[in-house]
Structure formats: structure tokens, C-alpha cells
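This is a predicted model, so every value here is computed, not measured. Side-chain atoms are counted along with the backbone in the values below, which use heavy atoms only and exclude waters and symmetry mates. Each residue takes its place number in the sequence, starting with 1.
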Amino acid sequence: MGMNNNIEQKDWADLVELPSFSYTCGYCGSDTGTNKGYRINSVGVTNDVAIYICPICGCPTYKEDEVLVPGTTYGEEIINLPDSVSSIYDEARNSYRVGAYTGVILICRKILANVAVYYGAKDGQSFVKYIDYLIENGYVPEKSKEWIDEIRLEGNSATHNQTSKNKDDAQKILDFVQMLLLIN
């Protein structure tokens with residue numbers, strides 16, 4: 001859904017014709033394409049900088065080379081999650097959308113802790129205790145222990161190292177958390 005459901009592409013004033021561009025709209029999630037929007041007329045700025053207007057929801061997407069703002073949300077929407085998990089999962093997916101990959105990894109750790117507490121783990125424990133609880137009680141298959149260990153290591157790195165995490169790291173962690181939420 002767009003920011004304002006009443007906006008249509010034709011409502012924008014002085015649209016210009018741009019090179020055709022196909023993309024997934026970061027607002028409505030539609031796979032779409034358009035050649036309508038706004039171009040920057042500045043010296044030294046390439047033609048790969050523009051604002052495209054989604055023909056489905058009418059919202060603007062800033063494009064610079066291959067970077068889109070807002071980006072697309074990664075992962076599936078999962079219904080029927082407990083509120084304590086659902087809002088954090090959405091936060092992780094939206095963090096990915098804006099390129100906050102280190103945040104995605106840290107939030108995914110919090111999701112695993114919240115899932116453990118939801119299933120009966122004592123609140124306020126260390127992350128390792130939550131992971132042990134999930135494994136010992138069958139919520140995480142024994143074979144997935146490597147994935148969880150990677151989340152632990154990535155989370156520790158995101159917390160304690162100076163380097164930021166990248167898109168691939170965030171996708172891997174979100175894939176695992178999504179799988180865990182879907183099977184439970």
C-alpha cells in the first residue's frame with residue numbers, strides 16, 4: 001500500500017519521459033515498470049539519477065544507478081505470529097528495505113530470543129541460553145544448529161566490530177529466521 005492511497009501517477013505535475021525502468025515498488029510491493037518521473041538537470045549528474053513514479057500506487061522511488069530508495073522488503077509476510085514477534089520481524093524486514101543490514105542481524109537475534117520466551121524460556125537470559133532452549137525443546141532442528149551459530153557470530157560481530165554488515169549477511173539471517181517462524 002502506498003503512503004497515500006489517493007495518489008495516482010497522473011496526479012504528479014510536470015512528469016517527464018525517462019528511460020523505461022522495471023522495479024519492485026518499495027511502497028506497494030508491485031512488480032512494475034514506468035517511464036514517467038523526474039530527472040535531475042545538474043552538471044556532472046549522470047542520466048542514472050531520477051525519481052520514478054509508481055503507476056500502481058503513485059509513490060516516488062529515487063533511483064541512483066542501481067540503488068533504489070525505498071528499497072524492497074526482503075522475506076515473506078508471515079501471518080498469525082504473536083505480537084511480540086510479528087512487530088520485530090516486520091522491523092527487521094523494513095530495516096533491510098532501507099539498507100540497515102547490521103540492524104537486520106541484531107533484530108534477528110532479538111526475534112530468536114522473543115521466540116524462545118514465547119515458548120517458555122525464562123526472560124532476561126543470555127542469547128546462548130535462548131538458543132539452547134530452542135534446540136533442546138525441538139523448536140529448531142538439530143541440523144540447524146550451524147545456522148543459529150552463524151546468527152550468534154554475525155550478531156557478535158555486528159555488536160562488537162567496527163565494520164558494517166552487508167546485504168548477503170542480512171539475507172542469510174532473515175532466511176533462517178523466516179524458516180524458523182514458518183515451521184513453528
Side-chain angles (χ1 to χ4, degrees), residues 1-42 45-115 118 147 151 154-155 158 164-184:
M1 241 190 255
M3 296 182 321
N4 182 337
N5 293 334
N6 299 321
I7 297 175
E8 292 185 31
Q9 187 181 49
K10 68 178 179 54
D11 294 335
W12 289 86
D14 304 322
L15 287 177
V16 297
E17 196 163 305
L18 299 168
S20 292
F21 177 62
S22 296
Y23 65 104
T24 301
C25 178
Y27 295 99
C28 69
S30 298
D31 288 328
T32 189
T34 186
N35 68 341
K36 301 286 186 219
Y38 299 94
R39 156 182 24 248
I40 294 179
N41 294 323
S42 296
V45 176
T46 69
N47 284 340
D48 290 337
V49 178
I51 297 172
Y52 284 84
I53 306 301
C54 176
I56 308 299
C57 69
C59 291
T61 296
Y62 175 79
K63 178 184 182 292
E64 184 170 345
D65 298 318
E66 298 305 313
V67 176
L68 302 180
V69 178
T72 56
T73 303
Y74 185 77
E76 289 182 37
E77 183 176 342
I78 302 174
I79 56 173
N80 298 325
L81 291 174
D83 290 342
S84 63
V85 175
S86 179
S87 63
I88 300 170
Y89 177 65
D90 289 343
E91 186 176 340
R93 294 177 68 227
N94 287 326
S95 294
Y96 180 92
R97 183 173 118 178
V98 298
Y101 305 124
T102 301
V104 169
I105 291 168
L106 296 173
I107 293 168
C108 283
R109 284 173 56 109
K110 184 167 178 58
I111 291 170
L112 292 175
N114 281 23
V115 168
Y118 177 80
W147 274 91
I151 292 174
E154 290 292 342
S164 295
K165 292 298 165 183
N166 65 37
K167 188 176 187 175
D168 291 338
D169 296 332
Q171 283 180 351
K172 279 194 294 189
I173 302 305
L174 266 173
D175 284 343
F176 174 77
V177 167
Q178 176 179 288
M179 183 260 322
L180 177 71
L181 294 175
L182 286 170
I183 63 173
N184 285 297

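Legend: residues meeting side chain to side chain contact (heavy atoms under 4.5 Å, CB included) with Val16, ordered by chain and number and at least two apart, are Leu18, Arg39. The ring pair (Phe, Tyr, Trp, His ring centres under 6.0 Å) test applied to Tyr118 returns no partner, not counting sequence neighbours. Scored by the side chain to side chain contact (heavy atoms under 4.5 Å, CB included) test, Lys110 finds Ile88, Asn114 as partners (sequence neighbours excluded). For Tyr38, there are no ring pair (Phe, Tyr, Trp, His ring centres under 6.0 Å) partners at least two apart in sequence or on another chain. For Ala100, the side chain to side chain contact (heavy atoms under 4.5 Å, CB included) partners at least two apart in sequence or on another chain are Ser95, Val98. With sequence neighbours excluded, the residues forming a side chain to side chain donor-acceptor pair (under 3.5 Å) with Asp31 are Thr24, listed by chain and number. Residues forming a side chain to side chain contact (heavy atoms under 4.5 Å, CB included) with Asp83 (at least two apart in sequence, or on another chain): none.
Atom-to-atom distance recorded for Ile111:CD1 and Leu180:CG is 9.5 Å, nearest 0.5 angstrom. Atom CG of Leu174 and atom NZ of Lys167 lie 12.5 Å apart (nearest 0.5 Å). Atoms CD1 and CD1, on Ile107 and Ile173 in that order, are 13.0 Å from each other to the nearest 0.5 Å. The structure places NZ of Lys36 at 9.0 Å from OG of Ser20, a figure rounded to the nearest 0.5 Å. Taking CD of Glu8 as the reference point, atom SG of Cys57 lies at 11.0 Å (rounded to 0.5 Å). Note that OH of Tyr52 and OG of Ser22 are 10.0 Å apart. Values are rounded to the nearest 0.5 Å.
The minimum heavy-atom distance linking Ala92 with Val104 is given by the pair O-CG2, 3.4 Å. Considering every non-hydrogen atom in both Ile53 and Gln9, the closest pair reads O-NE2, 2.9 Å. When all heavy atoms are compared, the tightest approach of Pro60 to Tyr27 is O-CE1, 3.0 Å.
Between the side chain of Glu76 and the backbone N or O of Gln178 there is no donor-acceptor pair closer than 3.5 Å. Using a distance-only test at 3.5 Å, with no hydrogens or angles considered, a donor-acceptor pair links the side chain of Arg97 to the main chain of Gly26. A donor-acceptor pair under 3.5 Å links the side-chain atoms of Arg93 to the main chain of Gly75, judged by distance alone.
With Tyr23 as the aromatic partner, Lys63 does not meet the cation-pi criteria of under 6.0 angstrom to the ring centre and within 45 degrees of the ring axis.
The ring pair (Phe, Tyr, Trp, His ring centres under 6.0 Å) pairs that include a residue from residues 54-93 are Tyr74-Tyr96, where partners are two or more places apart or lie in different chains.
Contact annotation: the side chain of Cys54 never approaches that of Thr61 to less than 4.5 Å [non-hydrogen atoms, C-beta and beyond].
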#### Entry: Chi angles and distances behind the side-chain contact (heavy atoms from CB on, under 4.5 Å) call for Trp12, Ile51
CA-CA 12 Å; Trp12 289 86; Ile51 297 172; over 6 Å; no
### Task
Kindly determine whether Val115 and Asn184 satisfy side-chain contact (heavy atoms from CB on, under 4.5 Å), including the steps that lead there.
CA-CA 9 Å; Val115 168; Asn184 285 297; 5.5 Å; no
